[in-house]
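Notes follow the structure.
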Amino acid sequence: MPFEDLINQGGRGAPVAELDIHAASEEQLMEMSAELGLSLSLDEMKSVREHFAAEGRCPTDIELQSIGQAWSEHCCYKSSKVHLKEFVFAIDHPDVIARGDAGVMAFDDEHAYALRLESHNHPSAIEPYGGAATGIGGILRDVVCMGAQPIALVDPLCFGPIDSDAPLPPGVKHPRYLVDGVVAGIRDYGNRVGVPTVSGAFFFDERYTGNCLVNVGCLGFVKRSEVLNNFVGGPGEVLILCGGRTGRDGIHGVTFASVELKESSEEEDRGAVQLGAPITKEPLMHACLEVNRKGLITGMKDLGGGGLSCVVGEMALDAGCGAVVDLDRVPLKEEGLAPWEIWVSESQERMMLATTEDKVEEIMDVFRTWDVLATVVATTVEEKRTRIRWHGEEIFDMDLDFLTGGPEYCRPYEVSVPAGEAGEKVPEIPALSDALLSLLSDPNVASKEWAIRQYDHDVRAATVLRPMVGPPNDTGPGDAGVLRPLPESHRGLATAVGCNPWFTSEDPYRGGMSAVDEACRNLVAVGARPHSLTDCLNFGNPEKPDRLGQFREAVRGLGEAAAFLGLPIPSGNVSLYNESPRAGALPTPMVMGVGIVEDVRKCVSADLKEAGNPLYVVGETGREMGGSLLYRRFGGEGGDVPQVVLESLKVKMDLLLEAMSEGMVSSCHDCSDGGLAVCIAEMCIGGSMGASVTLDALGELKAAEKLFSESNGRWVVEVAAEHEEDWQNLMGHHALWIGVAGGPSLLIGGTGMDIRVEDLKRAWSDPIWEIMG
Amino acid sequence: MAVAEIKIELKKGVADPEGQNTKKALELLGFEGLRSVRSMKCFQVDIGLEGDEALEACQEMCRRLLANPVIQSYSVELK
Amino acid sequence: MAVAEIKIELKKGVADPEGQNTKKALELLGFEGLRSVRSMKCFQVDIGLEGDEALEACQEMCRRLLANPVIQSYSVELK
Amino acid sequence: MMRPEDIRVCVLRIEGTNCEEETHRAFQAVGCDPEMVHLNQLTGHAPQASRRSLEDYDALAFPGGFSAGDYVRGGAIFAARAKSALGGEINAFVEAEKPVIGICNGFQILVELGLLPALDGPSDVPTAALFTNDSGRFECRPSYMRNESRGRCLFTRKLPRGRTVMFPVAHAEGKLMSADPRFVERLEDNDQLVFRYVDPEGRPAGYPWNPNGSEGNVAGICNPAGNVLGMMPHPERSLDPCTAPDWTRRPKKEGDGLAVFRSMVDALTR
Ligand SMILES: Nc1ncnc2c1ncn2[C@@H]1O[C@H](COP(=O)(O)OP(=O)(O)O)[C@@H](O)[C@H]1O
Ligand SMILES: [Mg+2]
């Protein structure tokens, strides 16, 4: 039978088609999957066929579409789940309040915070402005549907080199163009909805050309009594769809996110790209939070990947019931949408509320005042099935356990042994001073002020520490954003990102651990005690065993570190298939850490404060040059990737936090890219003050290794001179004296380094301005 | 010498929040019967070239910077 | 029925940072000999009126919302 | 005589207004009784119980944000909607010399409403504009400004003349412009020039201290009667000494912004 004959157009009242899946050959099953854009494999199509054989009928197009959404990598984590279960999901903590669309953690006896990090990679590679903006929109919804007010955004981003003009493969946009668009998208969405962007990161590497990564994170704040479920209260309730109208935009976004990008993606994937409408979202958030505060709703979930098709089933099934949907009621942007399009559309700015019939009028009043659309579209029922009515016909009737069950794979993976010291090639480097200036100018280190000042990091008037620290308009880099969520309390929330894709690519296990280490040391640097983590795991095609091996090892490292430190990961996100025709993106396990500050008045910033204060390094420096910026910049290869010694990290974090709470610490900065030398230089830049340093205490290493090794778990600390004795008593051998703050230059004994602070500033401040204009 | 007028429009089917919000504002101000408001970005470029050469250069600008073919279309007119 | 094209331009003497930034970006991309780039805001309004009535309504829109007379001038064309 | 807690402040918002909570908090911090009110509550497009009337309030605040997305021009849509729905009431409020403050987007709205600068009285069409920053970019940074008011503006009377304060700015359209070549001079003559951007030493200075290129470094102005203040910087973000951009270097007892709101209370309770 030819393929066309399998399709019974208008099988259940136009424009719904029925597909004769039972008569299809294997080839035709795959054709069906391709033709409908389902991205399902042959085996998956076969289990679909079995299911409908048991039901004794043929599926409709809308039913197949729904399965395509629910079973996509993006929605059901079919390749990653086994590994997450093994290393991540099991980390428990009494402060975990909810693991929903966002995780929710206890803040104090009365309040909680929500956290989530998510990717919007593929859409941003195609349309950077809209892709990034809708990424912000999506993460805000995840936080709002826990009942929480978004209070901060975090945006770690990865691009190809912006300072290179090497020819680009066809269909690939210039990294500069992408950076410009992504930053503008985050700015225009984040600033408009009034949520401060307080932290983030930029990573630049050749392997992100054609594979840019746009991760966006959000923190929310909520009374513990107002934390919401992402499911309905039970049968007999109604579902209210609110916010934007539904259109053709965003159709097949999740299946698009679950395949590799092709050269032709730009032209073909238009439907997957949207611009986002912050000014629909802003009042929508107000209205949703208001009806929650008033106790009018039983559950809330956002419409993200898969649109209605995912949200209705999941909200009902998680409460052990089903739903009957009246598809005619969904407010549309344009006429003529097929039912399946309405069902899977990913139009932005929509939320679903669950409530009981008697509350509907009061809810509508709130939405009317905010000029936001709200429409009852479904009711919940006992039986665990979803049924859809359309123009008087029933066009969809599916068992929810089957639909949202989804496959789970244990795909083959390959773990390769890191080359380590055996494969090491030590690079030729220029004079140490020139090397330092060169590292400061590397776009991975250089000032990101160009982007940071385009984001409002002060709105909501609760920002205690910003991404840049130091005297106004003369700042250096900070370590973590700190907020004071309650005006009546001095308790604070800090957030920072950790990730080293270069470590991860050479040694995924250590790379995963390093991400946790870095997030924690950023938090501790400002005086926050790490409390929870969320992650966004950006990796390549899981059907390639080496890529899946990287994924597994990184997750193992990340999970082990988090478990040891007692840090739950109550939410997260996986983004696979980050591959373009030329190569895969660097494996990038992005970690966002959240810490609690007992008293924000004791927070510490990274800028040097006072001439004469002694400087110490906390943490051991080893010969760990693998993946270091020095090697990348000057052509080194291999080498040991920095390990994480969890016991030692924990001891040092505790000691440092104690020293800070006793007021001994004047400034503190963690060592990461570029090692100790870059760390000290950045503190000088932020404080407009030099320092005299000696590295004798660091033992038997070469000068370049002492300066530029990127060993984990280290901080440079400026101690208030009057507290030095207490500090020494407290820290013992964990802190090594390395010099004194002050003077017009950074002097490092035994290395010939003597660089004026202005020169450090220029090297660090100018490059990105010059590239981005 | 030619001054080129470049017009960048959103393709059909791409939502236009700016146009929609402007339409809503105009309606609230009492303008009736509006069917649609679309926003566009326009540039007037004085380029120091003539005729086809000028056209070609402007189209190249659109392709490389001003427009994203995924969501936008462009047109160039010499004045 | 008429579709009106409304163009909001900056008055002479008003600096145009957006146009300047665009010019700079084009130059970074290697476009040479650019004398000036001016940015404008344009709207396409489908208004359900004809001729003078349509023109009049659009001009009223400019006066009441779309243009600020201190810095901007406007023009309306029916297509 | 009024007590601070009797002062009813209407903090007016629509979609996209996003600094209303901290503005509300600022009035609370100085003992007033503020309320966040949606424009629809004043125009009758809200359920009966939540409708409000502007004349019941003693002060009015237009907070910062991106009202209606600021799509056409900063503040233009909010202003046009407010004018068409309650233009008369707002004008009456101003004429009664009740205090009105517009911060950032709120300043843009007051200019678009023709209530500022109002050198020759309120006008139907705007006589000034807050245009795109010279940098062409959104600028979020600390800024210093000097109180230039000789006493006309009721929002700075508790702040010594010539005193420099620090409030953050966060805007893309903040360059104050007028067609009048004697604009700044006339503002000064009328004692309508309230705040000027300065450097940390209190001297008038260019970018980045003046973040938008405003002529004469003007950061904030009032109307001839002194009861309407518009300013681009955000005093409501400077209530808590721990949110100052340099508090880890120079701790303060309290935020600079309180003086602005206290001055208003003082003017109404005197
Ligand atoms: N790497 C991870 N670590 C922890 N939790 C994860 C991870 N990946 C996904 N999750 C959690 O799994 C759930 C489902 O994720 P997802 O389907 O992406 O959410 P959404 O409903 O927002 O699309 C969420 O609660 C998410 O936080
Ligand atoms: Mg979600």
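Convention: sequence-line order gives letters A, B, ...; per-chain numbering from 1. Computed from heavy atoms alone, side chains included, the values below leave out hydrogens, waters and symmetry copies. Just so it is clear, the structure is predicted and the values come from calculations on it, not from any experiment.
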(message) With a 6.0 Å cut-off (strictly less than), is the heavy-atom count around NZ of K11(C), excluding the residue itself, greater than 12?
(response)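 Check passes, neighbour count above 12.
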(message) Taking atom CD as the centre, does E53(C) end up with more than 12 heavy-atom neighbours from other residues, nucleotides or ligands that are less than 6.0 angstrom away?
(response)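 No, CD of E53(C) has 12 or fewer neighbouring heavy atoms, counting only those of other groups under 6.0 Å.
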(request) Count the heavy-atom pairs under 4.5 Å between each of L65(C), I6(C), V45(C), L29(C) and chain B, then report the option with the highest count. (result) L29(C)
Roughly how far, to the nearest 0.5 Å, is [atom2] of [Y] from [atom1] of [X]?
X      : Y      : atom1 : atom2 : value
L34(B) : D46(C) : CG    : CG    : 8.5 Å
K41(C) : K41(B) : NZ    : NZ    : 4.5 Å
R38(C) : Q44(B) : CZ    : CD    : 8.0 Å
E18(C) : F43(B) : CD    : CZ    : 5.5 Å

(request) Measure the shortest side-chain to side-chain distance between K7(C) and E5(B) over non-hydrogen atoms and say whether it is less than 4.5 angstrom. (result) yes
(message) I'd like to check V37(B) versus I47(C) (side-chain heavy atoms, cut-off strictly below 4.5 Å). Are they in contact?
(response) no
(message) Heavy-atom pairs under 4.5 Å with chain C: which of G19(B), S39(B), A4(B), A25(B) has the most?
(response)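 The answer is S39(B).
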(request) Check each atom of F31(C) against the heavy atoms of chain B and say whether the ones under 4.5 Å are side chain, backbone, both or neither. (result) side chain
